[in-house]
Amino acid sequence: MIRGFAEAVYKNYDGSVYDLMTEALEKALEMADLERSDIDGFMTTFLPGVFDGNIYMHFFPDQICSYLGITAKYIDSLEYGGPSVLSALWRAERLIKEGIAENILLLFGGKGSDVRKRKQTVDSFEKLYPEVTNTPYRHLINLYNSMNPVSDYALVAERHKKIYGSTDSQRAELIVKQRQNANRSGYSMFTGDLSVDDVLRSSIVSSPLHLLEIVYPVDGFHAFIVSRKPGKLREIKIQNYGEAHQSLLPPEVDDITITPAAESSKDFRNEISKCDFYELYDSFSITVMLQLENTGIVPAGQSGKFIEKNSISVDGALPLNTGGGSINRGQPAYMSGSVLLYEALLQMNEMASGNQVKSPGKVFINGIGGWSRNHSVSLILGD
Amino acid sequence: MRIDEIFNEYDKMFVSNKMPFIKCKMCGRNYYYPRAVCPFCGSNNIEIAESSGTGEIYSCTEFNHGFYGIIKFQEGFGSYMNIDGNIVSTGRKIHVKFKEIKGKVLPYAFLD
Ligand SMILES: [Zn+2]
């Protein structure tokens with residue numbers, strides 16, 4: 001079960017990435033009432049550029065353990081972007097059950113602002129380092145005019161408009177409603193009044209996606225400590241779990257509006273509808289809409305209309321991205337999975353103050369990401 | 001077929017303004033992005049073929065004053081490409097043209 005969780009998130013962190021991760025770790029240890037010497041398992045992720053601006057670190061997880069003074073019996077790095085941390089939680093629970101470790105630290109994040117300031121995204125990092133190739137397909141992909149992942153999601157949003165008639169206003173409506181959740185939460189980075197017109201008047205980055213529909217990369221780490229013995233937190237664990245990894249490229253699939261979330265959620269669709277609140281990956285407005293449809297929460301093509309008609313606040317029809325989502329909280333190191341998990345844990349432990357879901361029993365979390373949104377992790381947390 | 005042979009053959013065809021794709025002789029599916037085994041059935045019984053170079057825009061996006069999208073070709077395979085022409089929109093028919101992009105001749109989609 002999760003015995004400690006913490007975040008250290010800043011729009012621009014002036015200090016070293018090592019101080020940033022230490023801040024998250026120390027807060028989580030304090031909540032868990034554990035010492036560094038109690039940690040005997042370590043899981044993380046590495047994404048070129050967004051750790052400290054450098055493209056690579058030799059034997060990354062081992063170097064971090066060494067720096068933090070962690071002697072682990074088990075070390076792992078999961079490298080499929082946003083949903084990786086959700087998979088790490090599931091693996092950590094199983095490792096503990098098997099007796100392989102007692103207290104496993106999941107430490108996810110980095111200084112994303114470094115890549116942002118160089119006007120690149122994680123997927124375009126190869127433009128700064130010509131000796132790097134992101135894919136085996138070389139010039140057949142990287143010499144074209146793409147701006148992935150933004151252009152990739154723009155293509156999905158455009159296709160969704162074409163086949164289902166969803167509209168720019170419907171996507172903007174989702175952004176406005178998530179902002180209202182952020183305003184109520186009192187702990188979001190981006191707050192204040194926001195209207196559908198504001199979203200539609202923000203610049204078009206890659207049509208049809210506007211600037212305000214796109215998550216903002218920030219600096220930060222989240223630390224989660226998964227333990228065999230309970231501490232002072234509610235004893236919640238994963239009730240249902242699925243992960244899916246797609247190997248075909250988007251141009252090779254028949255329908256790009258169907259993501260691997262359809263596969264990762266397929267074994268427990270009935271349970272998803274019974275959850276009390278929902279944290280869905282929000283790298284872009286369209287990402288949330290795809291997951292609403294692909295996991296069976298709303299029928300295919302209906303997410304836009306659903307968002308228009310329904311409240312997503314903590315006391316609404318479908319409490320969704322209750323803290324405002326990473327669109328409003330910022331996306332540490334270009335990966336939002338930790339933001340979803342952190343908010344779910346705040347709510348489940350009734351620590352969300354003015355924006356608390358009333359007596360939550362279960363939460364559905366879905367993460368989606370990696371190269372070409374190839375990866376999805378679906379899970380339900382409960383007692 | 002080795003992967004380098006596929007890339008070399010693609011590059012040769014681009015230079016002579018021909019649009020290549022890979023035909024799987026086992027399952028009959030076609031694909032574009034070079035793999036020495038078919039991503040649909042795992043067979044290595046494949047061959048490089050020449051496409052008609054015609055298809056339609058499956059989806060497109062505009063940024064940096066240019067269009068980019070997914071093209072579905074007549075032979076059923078899909079690829080990312082820059083798109084050129086007036087009033088680019090999803091569903092419109094295209095044919096490929098070729099030009100040098102950063103030192104490599106590559107196909108791009110041009111509206112019919
Ligand atoms: Zn085949």
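Quick note on labels: first sequence line is chain A, next is B, and so on, each numbered from 1. Keep in mind it's a predicted model, so treat the numbers as computed, not measured.
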Aromatic ring proximity, centroids under 6.0 angstrom, B/Tyr32 and B/Tyr10: yes
Do [Y] and [X] meet the salt-bridge criterion of a basic N to acidic O distance under 4.0 Å?
X        : Y        : answer
B/Glu56  : B/Lys93  : yes
A/Lys161 : A/Asp168 : yes
A/Lys266 : A/Glu263 : yes

Chain A contacts, top residue of B/Ile101, B/Ile71, B/Thr61, B/Ile70 (heavy-atom pairs, under 4.5 Å): B/Thr61
Side chains of [X] and [Y] only: does a donor on one sit below 3.5 Å from an acceptor on the other?
X        : Y        : result
A/Ser169 : A/Thr167 : no
A/Glu293 : A/Ser303 : yes
A/Asp197 : A/Ser195 : no
A/Arg116 : A/Asn12  : yes
A/Ser336 : A/Ser326 : yes
A/His245 : A/Glu243 : yes
B/Gln74  : B/Thr54  : yes
A/His160 : A/Ser166 : yes
A/Asn366 : A/Ser378 : yes
A/Glu213 : A/Ser285 : yes

Please look at [X] and chain B and tell me whether the side chain, the backbone, both or neither of the residue comes under 4.5 angstrom of a heavy atom of that chain.
X        : answer
A/Val150 : neither
A/Ile163 : neither
A/Ser247 : backbone

Ring-face cation of A/Arg329 near A/Phe190 (centre distance under 6.0 Å, axis angle within 45°): no
Geometric cation-pi criterion, A/Lys305 with A/Tyr164: 6.0 Å, 45°: no
Closest heavy-atom pair and its distance - A/Asn294, A/Ser265: O-OG, 3.7 Å
Value rounded to 0.5 Å, distance of CD1 in A/Ile175 from CG in A/Asp282: 7.5 Å
For chain A, which residues from [range] have at least one heavy atom closer than 4.5 Å to it?
range                       : result
residues 35-46 of chain B   : B/Arg35, B/Pro39, B/Phe40
residues 103-112 of chain B : B/Lys104, B/Leu106, B/Pro107
residues 22-31 of chain B   : B/Arg29, B/Tyr31
residues 77-91 of chain B   : B/Gly78, B/Ser79, B/Tyr80, B/Met81, B/Asn82, B/Thr90

Side chain to side chain contact (heavy atoms under 4.5 Å, CB included) evaluation trace for A/Tyr153 with A/Arg373: CA-CA 9 Å; A/Tyr153 277 91; A/Arg373 79 208 106 75; 3.1 Å; yes
Between [options], the one whose heavy-atom pairs under 4.5 Å with chain B are most numerous:
options                                : value
A/Leu248, A/Thr135, A/Val156, A/Leu209 : A/Leu248
A/Ser146, A/Ala154, A/Ser151, A/Pro136 : A/Ser146
A/Leu249, A/Asp152, A/Val205           : A/Leu249

Backbone of B/Asn8 reached by a side-chain donor or acceptor of B/Asp11 within 3.5 Å: no
